[in-house]
> 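The following block contains the structure, expressed as structure tokens.
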Amino acid sequence: MVDTRTIDAWRRAPRINSFAAFFERTASGLDGAPDLGKPEPAMELLSFDLDCMLFWDTHRRLWGHFDSHYFASIPFRLEEECRLGAAILLFGQKVWARSGRPATIYTLGAGAGTLARALAKLGDGRLKTLNCSPTKGNRVCFFARRGSDDAHFYHGPFFQLDEERYEKDQTLEPFRDGYDVLLEDTTFQMYGPDRDNQTAFIAPRVKPGGVLVQVQKLNHPNLQVYLERERQKDREFKSRFFSTEQIAEKKRAVLDTMKDLQVDLERTRSALQRHFRYAVVTWNSGNFYTIVSSNCLESVRDFVTSMVKPALPSEFCYEQLPRILVNDENDPLPSDWTWRAPWPIGGEM
């Protein structure tokens, strides 16, 4: 249980106060779009995997205004979206096949919910998805290209989705029993550094056999290492899409403040360990990480090994992946991880 003082602190957080205008302009298409080009995934980095390609073909048709800004800002995050999307879809389909019920997916604070809408469309009744955002422009984009009646939207910050809200709001009825996959996408870092309480708030919503997936930007104990990775991001990736002026303005408007709200990998591990038996780093691009957590060994192993290898140039990755962060010593994860082999077009099926 998270106390009212913590909730009050989240209400005063930059995401819904000082950052609110930036997110509203970007989500509404009034500002923030890259002026040098629109990002597209490098399919060769994904080995032309058929599942990733099918996911991307659906995803691209549902984009809102915020997507171009987001995927042009984080090195090779769009390739990671395809990799994650294909894995979540497969995981959800297995849940449906075993249980005979639609799998439930929640993308917490993921802009206009393009991932949630793509998964609902591809799931065709076998997945029900929810996305939340406090930004009106994201809600408009969500329903402009909803894609499926199985895709749902909550207009508000993540902390409003408490037990009382789930019980009273009829549109949330499919999600009252929790989620098979809960994705937190670079959201906690907008509300503060209190990962213990943030994790405590969402962990009970992950079903016993479910997984928590987090995409986070993390601090580094060595400030110079952190800054050099930032320079690499701006110099070798963002400059493909944004002008020098745009990069500098984003830094002034958002990034300088957001850095104080980030935590490092050790603090992330500590928060996860309080609620999950297992946590695995599955992707790293500069200061950005994907972490998969669960209380079920079979689920975390099944999810991680259903992913193709990380899709980015080696010079952007600073971790030996996958990396186990949290392990149950009585029933440990195996050390002999293997990424899923790609199913390339033209190759053997």
> Is it true that the side chains of Thr135 and Arg15 contain a donor and an acceptor less than 3.5 Å apart?
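Yes.
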
> Is the gap between the ring centers of Phe316 and Phe76 under 6.0 Å?
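Yes, the ring centres sit under 6.0 Å apart.
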
> Looking only at side-chain N and O atoms, does Arg229 offer a donor or acceptor that is under 3.5 Å from a partner on Gln232?
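Judged by distance alone, the side chains do not pair up.
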
> Spell out, as yes or no, whether a donor-acceptor pair under 3.5 Å connects the side chain of Asp31 to the backbone of Arg25.
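Absent.
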
> Of the non-hydrogen atoms in Leu261 and Pro14, which two are nearest, and what is the gap between them?
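Of all heavy-atom pairs spanning Leu261 and Pro14, the closest is CD1-CG, 3.7 Å.
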
> Taking atom types as modelled, find out whether Ser299 and Asp302 have a side-chain donor-acceptor pair closer than 3.5 angstrom.
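No pair is found: no donor N or O on one side chain lies under 3.5 Å from an acceptor on the other.
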
> Counting neighbours of CD on Gln320 that are heavy atoms of other residues, nucleotides or ligands and sit closer than 6.0 Å, is the number greater than 12?
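Result for CD/Gln320: open.
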
> Does the side chain of Met307 come within less than 4.5 Å of Leu84's, by heavy atoms?
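The answer is yes, as the side chains (C-beta and beyond) meet within the 4.5 Å cut-off.
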
> So, is the end of the Lys238 side chain (NZ or CZ) under 6.0 Å from the ring centre of Phe242 and within 45° of the ring's axis?
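Yes, Lys238 sits over the ring of Phe242.
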
> Taking the side chain as every heavy atom from C-beta outward, state whether Phe55 and Leu89 have any pair of such atoms under 4.5 Å apart.
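Not touching, per the 4.5 Å side-chain cut-off.
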
> Hey, any chance Met43 and Ile345 share a hydrophobic cluster, counting ILVMFWY side chains that come within less than 4.5 Å of each other, even indirectly?
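Yes.
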
> Does the side chain of Ile16 reach to within under 4.5 Å of the side chain of Pro134, using non-hydrogen atoms?
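Of all side-chain heavy-atom pairs linking Pro134 with Ile16, at least one is under 4.5 Å.
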
> Going by side-chain heavy atoms closer than 4.5 Å, which hydrophobic residues are tied to Val225, directly or by a chain of links?
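Val225 shares its hydrophobic cluster with no other residue.
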
> Verify, without hydrogens or angle tests, whether Asn284 (side chain) and Gly286 (backbone) share a donor-acceptor contact under 3.5 angstrom.
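The answer is yes, because a donor-acceptor pair under 3.5 Å joins these two groups.
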
> Going only through I, L, V, M, F, W and Y residues with side-chain contacts under 4.5 Å, is there a path from Phe22 to Val140?
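Different clusters.
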
> What's the verdict on side chain to side chain contact (heavy atoms under 4.5 Å, CB included) for Asn287 and Leu218, showing C-alpha distance, side-chain angles and the deciding distance?
CA-CA 6 Å; Asn287 290 314; Leu218 300 180; 5.9 Å; no

> State whether Asp8 and Arg11 are salt-bridged, where the test is any N-O pair (Lys NZ or Arg NE/NH1/NH2 against Asp/Glu carboxylate O) under 4.0 Å.
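Arg11 and Asp8: salt-bridged.
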
> Mind listing the closest non-hydrogen atom pair of Ser294 and Val211 along with its distance?
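Heavy atoms only, the tightest pair is CB-CG1, 4.0 Å.
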
> Are the side chain of Arg98 and the backbone of Gln93 linked by a donor-acceptor contact shorter than 3.5 Å?
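Pair absent, no side-chain N/O of Arg98 close to backbone of Gln93.
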
> Which label fits Phe158 and Phe188: parallel for a plane angle under 30°, tilted from 30 to 60°, or perpendicular past 60°?
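Taking Phe188 first and then Phe158, their aromatic rings sit tilted (interplane angle of 30° to 60°).
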
> Test Lys233 against Glu228 for salt bridge (Lys or Arg N to Asp or Glu O under 4.0 Å), laying out the working first.
CA-CA 9 Å; Lys233 176 193 67 176; Glu228 178 51 39; over 6 Å; no

> Is there a donor in the side chain of Gln216 and an acceptor in the side chain of Gln262, or the other way round, less than 3.5 Å apart?
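Distance-only check fails for Gln216 and Gln262.
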
> Is it true that, when you exclude Arg231 itself, more than 12 heavy atoms of the residues, nucleotides or ligands shown sit nearer than 6.0 Å to its CZ?
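Yes, enclosed.
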
> Hey, is Lys217 close enough to Glu230 for a salt bridge, meaning N to O under 4.0 Å?
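Here Lys217 pairs with Glu230 in a salt bridge, since their nearest N and O are under 4.0 Å apart.
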
> Above 12 or not: heavy atoms from other molecules or residues under 6.0 Å from CZ of Arg235?
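Yes, enclosed.
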
> Hey, does Thr305 have a side-chain heavy atom less than 4.5 Å from the side chain of Trp337?
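With C-beta onward as the side chain, the pair touches.
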
> Other members of the hydrophobic cluster containing Phe142, with the 4.5 Å side-chain heavy-atom rule, please.
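Grouped by the 4.5 Å side-chain rule, Phe143, Phe153 form the rest of the cluster around Phe142.
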
> Less than 4.5 Å apart, side chain to side chain, heavy atoms only: is that true for Leu172 and Leu130?
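They are in contact (side-chain heavy atoms under 4.5 Å apart), so the answer is yes.
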
> Counting C-beta onward and ignoring hydrogens, is there a side-chain heavy-atom pair between Lys207 and Thr104 closer than 4.5 Å?
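A side-chain contact under 4.5 Å exists here.
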
> Output the distance between atom CG (Leu333) and atom CD1 (Ile324), rounded to the nearest 0.5 Å.
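Answer rounded to 0.5 Å: 5.0 Å.
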
> Using a 4.5 Å cut-off on heavy atoms from C-beta on, say whether the side chain of Leu161 contacts that of Cys132.
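A side-chain contact exists here, since the closest heavy-atom pair is under 4.5 Å.
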
> Are Trp96 and Leu122 linked, directly or through other ILVMFWY residues, by side chains that come within less than 4.5 angstrom of each other?
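They do not share one cluster, since no chain of ILVMFWY contacts under 4.5 Å joins Trp96 to Leu122.
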
> Under 3.5 Å, is there a donor-acceptor pair between the side chain of Ser285 and the main chain of Pro75?
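Yes: the side chain of Ser285 pairs with the backbone of Pro75.
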
> Under 6.0 Å between ring centres, would you say that holds for His69 and Phe241?
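So the answer is no for these two rings.
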
> Kindly give the heavy-atom pair with the smallest separation between Pro332 and Leu297, and that separation in Å.
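Answer, listing the atom of Pro332 first, then Leu297: O-CD1, 3.3 Å.
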
> For the rings on His220 and Tyr318, is their centre-to-centre separation under 6.0 Å?
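They do not qualify: ring centres at least 6.0 Å apart.
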
> Taking the side chain as C-beta and beyond, is there a heavy-atom pair between Arg340 and Asp49 under 4.5 Å?
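Result yes, sub-4.5 Å side-chain heavy-atom pair found.
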
> Evaluate side chain to side chain contact (heavy atoms under 4.5 Å, CB included) for Leu212 paired with Leu272, printing each intermediate quantity in order.
CA-CA 10 Å; Leu212 169 66; Leu272 289 170; 4.0 Å; yes

> Do Arg60 and Asp57 meet the salt-bridge criterion of a basic N to acidic O distance under 4.0 Å?
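Result for this pair is yes, salt bridge flagged.
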
> For Tyr191 versus Thr187, what's the shortest heavy-atom pair and its separation?
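For Tyr191 and Thr187, the tightest heavy-atom pair comes out as CD1-O, 3.3 Å.
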
> Which pairs pass side-chain hydrogen bond (donor to acceptor under 3.5 Å, both in side chains) with one or both residues in residues 73-82, sequence neighbours excluded?
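Sorted pair list: His59-Glu81, Tyr70-Arg77, Arg77-Glu81, Arg77-Asp185, Glu80-Arg83, Glu80-Thr290.
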
> Are Tyr289 and Glu319 close enough that a side-chain donor and a side-chain acceptor fall under 3.5 Å?
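Side chains of Tyr289 and Glu319: pair found under 3.5 Å.
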
> Can Ser270 and Arg267 be said to form a side chain to side chain donor-acceptor pair (under 3.5 Å), step by step?
CA-CA 5 Å; Ser270 178; Arg267 191 162 169 187; over 6 Å; no

> Is it the case that one hydrophobic cluster holds both Leu78 and Leu62, taking links as side-chain heavy atoms less than 4.5 Å apart, direct or via other members?
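No, Leu78 does not connect to Leu62 through the hydrophobic network.
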
> Which heavy atom of Asn295 sits nearest to which heavy atom of Phe276, and what is that distance?
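Scanning both residues, the minimum pair turns out to be OD1-CA, 3.2 Å.
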
> Mind telling me whether Phe159 and Trp10 have parallel, tilted or perpendicular rings, with 30° and 60° as the class edges?
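It falls in the tilted class, 30° to 60°.
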
> Would you say Leu90 and Leu127 are hydrophobically clustered, going by side-chain heavy atoms of ILVMFWY under 4.5 Å?
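No, it is not one cluster - the side chains of Leu90 and Leu127 are not joined through contacts under 4.5 Å.
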
> Using a 3.5 Å distance criterion without hydrogens, assess whether the side chain of Ser243 forms a donor-acceptor pair with backbone atoms of Gln246.
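Checked: pair present.
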
> Do Gln160 side-chain atoms and Tyr154 backbone N/O form a donor-acceptor pair below 3.5 Å?
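No; zero donor-acceptor contacts below 3.5 Å.
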
> Taking the basic N atoms (NZ, or NE/NH1/NH2) and the acidic carboxylate oxygens, is any pair closer than 4.0 Å for Asp180 and Arg101?
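Result for this pair is yes, salt bridge flagged.
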
> Does the pair Arg277/Asp331 count as a salt bridge with the N-to-O cut at 4.0 Å?
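Answer for the salt bridge query: yes.
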
> Report the C-alpha distance between Arg117 and Lys121 in whole Å, list the side-chain angles of each, state the deciding distance to 0.1 Å, and finish with yes or no for side chain to side chain contact (heavy atoms under 4.5 Å, CB included).
CA-CA 6 Å; Arg117 290 181 283 121; Lys121 187 172 182 64; over 6 Å; no

> I need the minimum non-hydrogen distance between Asn131 and Ala116, along with the two atoms involved.
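In terms of heavy atoms, the two residues are closest at CB-CB, 4.2 Å.
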
> Can you tell me if Asn327 uses its side chain to pair, donor with acceptor, with the backbone of Glu329 under 3.5 Å?
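Looks like no, no N/O pair under 3.5 Å.
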
> Is the ring centre of Phe71 less than 6.0 Å from the ring centre of Trp63?
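Judged by ring-centre distance (under 6.0 Å), Phe71 and Trp63 do meet the cut-off.
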
> Using the rule given for side chain to side chain contact (heavy atoms under 4.5 Å, CB included), can you reason through Glu173 versus Tyr166, listing the C-alpha separation, both sets of side-chain angles and the distance that settles it, and then say yes or no?
CA-CA 7 Å; Glu173 189 275 333; Tyr166 279 106; over 6 Å; no

> Say whether, by atom type as modelled, one donor and one acceptor occur between the side chain of Arg126 and the main chain of Gly123 under 3.5 angstrom.
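Confirmed, Arg126 side chain pairs with Gly123 backbone.
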
> Distance-only, no hydrogens or angles: does the Thr199 side chain make a donor-acceptor pair with backbone N or O of Asp196 under 3.5 Å?
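Judged by distance alone, no pair lies under 3.5 Å.
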
